[in-house]
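Both counts, for ligands and for their atoms, begin at 1 and track the order of listing.
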Amino acid sequence: MKFFIANIASVLFAVAVLASTIPGKHFVAESWGLEGFARDNPLGSTTGGNGGLTIVVADASGLQAAVKGNESKVVLVNGTITLSSRLRVGSNKSVIGINDTAHITGKGIDVADVTNVILQNLKISFVLDNDCITVRNSTRVWIDHNEFQSDIEHGPDFYDGQVDIVRASDWITVSWNYFHDHWKSSLVGNDDKFRDIDFGHFHITYHHNYWRNEGTRGPAGRFGHQHVYNNLYVDFHYQAIHSRSDNQMLVEGNVFRGATREALSTYGLVIPDDSPNTCVCGDQELDGYANLGAENDWGSATINISQTGNFSSAPYEYKLTPLALVQNVIELGAGVGKI
Ligand SMILES: *[C@@H]1O[C@H](CO)[C@@H](O)[C@H](O)[C@H]1NC(C)=O
Ligand SMILES: *[C@@H]1O[C@H](CO)[C@@H](O)[C@H](O)[C@H]1NC(C)=O
Ligand SMILES: *[C@@H]1O[C@H](CO)[C@@H](O)[C@H](O)[C@H]1NC(C)=O
Ligand SMILES: *[C@@H]1O[C@H](CO)[C@@H](O)[C@H](O)[C@H]1NC(C)=O
Ligand SMILES: *[C@@H]1O[C@H](CO)[C@@H](O)[C@H](O)[C@H]1NC(C)=O
Ligand SMILES: *[C@@H]1O[C@H](CO)[C@@H](O)[C@H](O)[C@H]1NC(C)=O
Ligand SMILES: *[C@@H]1O[C@H](CO)[C@@H](O)[C@H](O)[C@H]1NC(C)=O
């Protein structure tokens, strides 16, 4: 108990000092490294290109060439790069924005059939015909301190996902990202027909992400395990956290502000606001499971849990931000230019 009080006091102090004098990046960089499933897993911690050469790229061909192969390499992105084809990142790579001006647009990024990739400090916006980032059949991936943006005026199906994770991918952490102005954010498991391949994978930690003016999937998971803690949702309009098709989620310490219809659901119904093209009544799948850990602040949103599951505590250590500080800490720390 003493430790708990001292801990809160020190975070309160840090936030107070931070707000007045110290820039946010010090607070965040010193306080948070990698945590969650990308760090603690049976395959080993995600290290990306650590130990390899560092190279700086400033155009599409340079970037495409730099991320090929499986050699360890740290690739720093300098400025705006407009991709004309998807960037396919090899194993053992870190792709990191040099500062808050690193920006990828045009096409998005595939992390496919590889292991050990870090994507950090990149703004990725207005990607058409596919996701901003797709993680497919890959393990040990850390997606951290990025910004994702498009618009919601074009409806749910004009853009695809922001970070979609499919085909039995595993041991992933999605942290401190700023997801905004987009409909379908983060889908885990993209089709019922891959149940046998996907089931029991998708161990993903989502923490300290900032979602603002989004439609659905924050995240939506099938078949796996996701730990969703300390995220901030502002005007996440229709349905934020969705656990379906026997998926297990542990949901704790999240904060909802503004207008959100449903913060959390385990019903198998894929709401029409999510996939209106399939049927105006939505699609029906099996229900998922959700367990609530530390208290959440649902704001004015509803929650609808049909069944609790067996993912009731995370199998690793992690720093839970006190609920009262979540909004402040995330507004200061999420997105690009903070590491
Ligand atoms: C990644 O790098 C490690 C260490 O150099 C190496 O053992 C491993 O084979 C590489 N991964 C792949 C998929 O090549
Ligand atoms: C790493 O890539 C090289 C060629 O780029 C290949 O020969 C080797 O088999 C790969 N190693 C692994 C473990 O995939
Ligand atoms: C990034 O590109 C700018 C030119 O656009 C150049 O002045 C600068 O030196 C580059 N930075 C690095 C680290 O290469
Ligand atoms: C970001 O880096 C570029 C290239 O080195 C430089 O021109 C620019 O001034 C930097 N911007 C900031 C905000 O540091
Ligand atoms: C998944 O990726 C591995 C390499 O990590 C590859 O050997 C395997 O064929 C891939 N599986 C599928 C279904 O693409
Ligand atoms: C829970 O969700 C189901 C399926 O969408 C719906 O039929 C039910 O009315 C909801 N219950 C509450 C209390 O929102
Ligand atoms: C947890 O529940 C799921 C769904 O019912 C089940 O498939 C899995 O075997 C259970 N795991 C454990 C460790 O009990």
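Among residues at least two apart or in separate chains, there is no ring-ring contact (aromatic ring centres under 6.0 Å, His included) pair with a member in residues 66-118.
Note on Asp157 versus Lys184: salt bridge recorded, some NZ/NE/NH1/NH2 to OD/OE distance being below 4.0 Å. Using a 4.0 Å cut-off between charged side-chain N and carboxylate O, Arg195 and Asp246 make a salt bridge. Note on Arg257 versus Asp297: salt bridge recorded, some NZ/NE/NH1/NH2 to OD/OE distance being below 4.0 Å. Remark: Asp181 engages Arg212 in a salt bridge, criterion side-chain N to carboxylate O under 4.0 Å.
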At less than 3.5 Å, what protein N or O atoms come close to the N or O atoms of ligand 6? Include the distances to 0.1 Å.
{"from": "ligand 6", "atom 1": "2 (O)", "to": "Asn304", "atom 2": "ND2", "distance (Å)": "2.3"}
{"from": "ligand 6", "atom 1": "11 (N)", "to": "Asn304", "atom 2": "ND2", "distance (Å)": "2.8"}
{"from": "ligand 6", "atom 1": "14 (O)", "to": "Asn304", "atom 2": "ND2", "distance (Å)": "3.2"}

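Using modelled atom types and a 3.5 Å distance limit, the side chains of Asp144 and Thr173 yield no donor-acceptor pair.
Residue Asn78 has at least one heavy-atom neighbour below 4.0 Å for each of these atoms of ligand 3: 1 (C), 2 (O), 3 (C), 8 (C), 10 (C), 11 (N), 12 (C), 14 (O).
With a 6.0 Å cutoff to the six-membered ring centre and a 45° limit on the axis angle, Arg167 counts as a cation-pi contact of Phe194.
For Ile98, every heavy-atom contact with ligand 3 shorter than 4.0 Å involves the side chain, none the backbone.
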